[in-house]
Amino acid sequence: MRDRIVFHIDANSAYLSWEAAYRLSHGDTIDLREIPAIVGGDPVKRSGIVLAKSIPAKKLGIATGEVLWKALQKCPNLKIIKPNYSLYMKCSKAMNEIISEYAPQVQRFSIDESFAEFTGTNKLWGDPVQLAYTIKNRIRDELGFTVNIGVSSNKLLAKMAGELRKPDMVHTLFPEELEEKFWPLPIGELYGIGRATTPKLQRQGIMTIGDLARMDSEFLQYKLGKYGLVIWKYANGIEDSMTREATDGIKGIGNSSTLKKDLDDRETAHLFLLSLTEMVSMRLRDSGNMCGLVSVSIKYTDLGKVSHQRKLFYSTDNTNEIFNEVRRLFDESWNNEAIRHLGVRVSHLSSSDDYQLPILDTEKFEKNRNLDSTIDDLRLRFGKNSIIRSSFLHTPIKPVTGGVGEDDYLMMGSIL
DNA sequence: TCTGGGGTCCTAGGACCC
DNA sequence: TCTGGGGTCCTAGGACCC
C-alpha cells in the first residue's frame with residue numbers, strides 16, 4: 001500500500017477533440033481528429049495562432065502557438081475552427097463530473113486538466129490503475145473524447161506520467177520507475193523548465209531530467225536561487241503540494257487584447273482601456289472580491305512591453321474608480337509610440353463581504369456600487385452589450401472587451 | 001503578415017523605518 | 001561626523017504554465 005495516490009487527467013488536444021465530439025454528435029460525418037484541422041484565432045484580428053491541432057495536422061509540422069498564415073503555408077487546405085469557449089467549459093464540466101464520482105478531492109488545474117486525490121480509497125475502488133482505466137473509458141464512451149491519466153504518489157509525477165504517451169492512455173510513474181521512464185527524458189520536458197532555462201541548463205551539460213537529478217542541489221541553488229532547488233526536487237520526483245479544491249485562491253483578474261490596428265492617440269487608448277476595465281471589474285464583482293492593486297500593461301508595435309501598477313489607498317470593486325486609476329497609470333507610462341496591445345489587471349483581492357464605506361463621500365460610493373450591480377444584472381440577463389456607455393457610440397471600440405471571443409461572455413464561475 | 005490571452009510565482013532594487 | 005545593517009513594503013519585469 002502506498003501513502004498517497006494522485007491522478008492527473010488531461011483531455012487529449014482538448015479544444016480540437018471537443019469540437020470533433022460535438023460536431024459528430026450533431027450530425028457531422030467528418031471527424032476533425034482524422035483530418036488536418038486546428039482550432040485557432042482570427043488572422044484579421046491579428047490574434048491568429050494555433051490553439052489546438054489534430055494528429056494529422058501535427059504530422060504536417062503544425063505546432064501549437066504557431067501563427068495561422070504559417071500553418072496555412074504548410075497545409076493550404078487546413079480546416080480552421082474558431083474557438084467556442086462556452087462549449088469547452090461544458091465539456092470540461094462534464095469531464096470533471098465523472099471524475100468527481102470517484103475522487104473525494106478534485107483540483108481543476110486548467111480547463112482541460114485536473115488532479116484527483118485517491119489516497120485512502122483502496123478499499124472503496126481497489127487497484128488505482130484499474131480505476132484509472134475505468135474513468136478514462138467512461139469519459140471516452142460517454143462524452144466522446146479521450147483523456148490521458150497519469151497515476152503516481154504526488155501531483156508532479158502524476159502530471160509527468162500523463163505526458164508520457166498520448167492519446168487515450170493510462171501511465172504510472174511511481175518513484176521506483178523514475179530511472180526507467182523519467183530520467184531519460186530531455187530536460188525541457190520537465191514541468192517548470194521552459195524556453196529560458198532549457199539553454200541555461202544545457203550549457204552546464206544538463207541534457208536530460210536524469211542529469212539534473214544527479215546534480216548537486218546546492219550548486220543549482222547557488223546558480224538559480226530558490227528555483228534551482230525546486231527543479232532539482234522535481235527531477236528527483238519530490239513534490240508534496242496538496243490536491244485542493246479550486247474554489248479558493250484566485251489571486252488576480254485581468255483582461256488584455258491586441259488591437260485590430262495599432263493606435264497612437266490617447267483618447268482611443270483610454271476608450272479601449274475603459275472597455276477592458278468594464279470586463280475586469282464585472283468579473284471582479286462576480287467573484288465576490290474587491291481589489292487593492294491595479295496594473296496596466298502596454299505592448300508597442302515593436303513588441304516592447306511596459307507595465308505600471310499602483311496600490312490603492314482602499315480596496316474597491318467599482319468600475320469608475322478602477323478606471324480612474326487605469327487611466328492615470330496609462331498616462332504615466334505611455335511613451336507616445338504606436339500601441340499594439342493593452343491590458344488591465346487587478347489583484348490584492350479581498351472579499352467584498354468585508355467592504356467598508358470610505359469615510360468621505362459615502363453617498364457617492366454607495367450610488368456607484370448600486371449602479372455597478374444594476375448594470376451587471378442587465379448584462380448577465382441580456383448580454384454584455386445590452387447597456388453601454390455613451391462614450392462608445394460612434395466609435396469602433398467595443399464597449400466591453402476581454403474574455404472569450406465574440407460571444408457574450410459567460411462568467412467562468414457560473415459555468416465551471 | 002512575425003509572435004494570443006489568461007494566469008502564478010519569484011527576484012531585484014529603491015524607499016523608508018528603526 | 002561621511003553614512004551600518006536589518007526588516008518591510010512597493011514596483012517592474014521575467015519566467016513559467018495552459
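Residue numbers start from 1 in every chain, and the chains themselves are labelled A, B, ... in the order their sequence lines are given, proteins ahead of strands. On a predicted model such as this, the values are computed, not experimentally measured, just so you know.
Contact annotation for A/Thr197: backbone-only contact, meaning every heavy-atom pair under 4.0 Å involves sugar-phosphate atoms and none involves a base. Within 4.0 Å (heavy atoms only), A/Leu293 reaches sugar-phosphate atoms of the nucleic acid but no base atom. Within 4.0 Å (heavy atoms only), A/Glu66 reaches no atom of the nucleic acid at all. Among the protein residues, A/Lys159 comes within range of the sugar-phosphate backbone only, with heavy atoms under 4.0 Å from sugar or phosphate atoms but none that close to a base. Among the atoms of the strands shown, only primed sugar atoms or phosphate atoms (P, OP1, OP2) are found under 4.0 Å from some heavy atom of A/Leu190. Residue A/Ile253 is in sugar-phosphate contact alone, with no base atom involved, counting any heavy-atom pair closer than 4.0 Å across all strands shown.
For A/Arg310, no side-chain nitrogen or oxygen approaches OP1 or OP2 of C/dT11 to under 4.0 Å. Residue A/His341 places at least one side-chain N or O under 4.0 Å from the OP1 or OP2 atom of B/dG5. Checking the phosphate oxygens (OP1, OP2) of B/dG5, no side-chain nitrogen or oxygen of A/Lys299 falls inside 4.0 Å. Between A/Thr258 and B/dG5 there is a side-chain N or O to OP1 or OP2 distance below 4.0 Å. Between B/dG4 and A/Arg340, a contact under 4.0 Å exists linking OP1 or OP2 to a side-chain N or O. In this model, the phosphate group of B/dG6 is approached by a side-chain N or O of A/Asn255 to a distance below 4.0 Å at OP1 or OP2. Contact annotation: A/Ser257 reaches the phosphate of B/dG5 (side-chain N/O to OP1 or OP2, under 4.0 Å).
Checking C/dC18 for Watson-Crick or G-U wobble geometry (two distances, each under 3.5 Å) identifies B/dG5 as its partner.
With a 4.5 Å cut-off on side-chain heavy atoms, A/Leu178 and A/Asn236 do not count as touching.
In this structure, A/Tyr191 and A/Phe109 have tilted ring planes: the angle between them lies in the 30° to 60° band. Relative ring orientation between A/Tyr88 and A/Tyr15 is described as parallel, the plane-to-plane angle staying below 30° on a 0-90° scale split at 30° and 60°.
The listed nucleotides are C/dC16, B/dC10, B/dG5; the one nearest the side chain of A/Ala196 is C/dC16. The side chain of A/Phe109 has C/dC18 as its nearest neighbour among C/dT11, C/dC18, C/dG13. Of the candidates B/dG5, B/dC10, C/dA12, B/dG5 carries the atom nearest the A/Ser256 side chain, counting heavy atoms from C-beta on. With C/dT11, B/dT1, C/dG13 as the candidates, the nucleotide lying closest to the side chain of A/Ser307 is C/dG13.
The CE atom of A/Met95 sits 11.0 Å away from atom CD1 of A/Ile135, with the distance rounded to the nearest 0.5 Å.
Rounded to an integer number of Å, the gap from A/Leu276 CG to B/dG4 P is 15 Å. In this entry the distance linking NZ of A/Lys70 with P of B/dC2 reads 12 Å, nearest Å. Atom P of nucleotide B/dG7 and atom CE of A/Met279 are separated by 11 Å, given to the nearest angstrom. Atom P of nucleotide C/dC17 and atom OH of A/Tyr234 are separated by 10 Å, given to the nearest angstrom. Spacing between atom CG of A/Asp112 and atom C1' of B/dG6 amounts to 13 Å, rounded to whole angstrom units. Taking atom CG of residue A/Asn289 and atom P of nucleotide B/dG7, one finds them 12 Å apart after rounding to whole Å. Atom pair A/Tyr191:OH and B/dT8:P shows a separation of 12 Å (rounding to whole Å applied). Rounded to whole Å, atom P of C/dC18 lies 16 Å from atom CZ of A/Arg108.
The residue among A/Gly65 and A/Lys251 whose nearest nucleotide of DNA chain B is located toward the 5' end is A/Gly65. If you find the closest nucleotide of DNA chain B to A/Gly252 and to A/Leu51, the one lying nearer the 5' end belongs to A/Leu51.
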- Step by step, would you call A/Lys155 with A/Ser241 a side-chain hydrogen bond (donor to acceptor under 3.5 Å, both in side chains)? CA-CA 7 Å; A/Lys155 280 158 64 181; A/Ser241 69; 3.3 Å; yes

- Task: Show your working on side-chain hydrogen bond (donor to acceptor under 3.5 Å, both in side chains) between A/Thr301 and A/Asp262 and close with a plain yes or no.
- Result: CA-CA 7 Å; A/Thr301 308; A/Asp262 285 350; 2.9 Å; yes

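Remark: A/Glu177 engages A/Lys181 in a salt bridge, criterion side-chain N to carboxylate O under 4.0 Å.
Comparing B/dT3 with C/dC17, their P atoms sit 23 Å apart, to the nearest whole Å.
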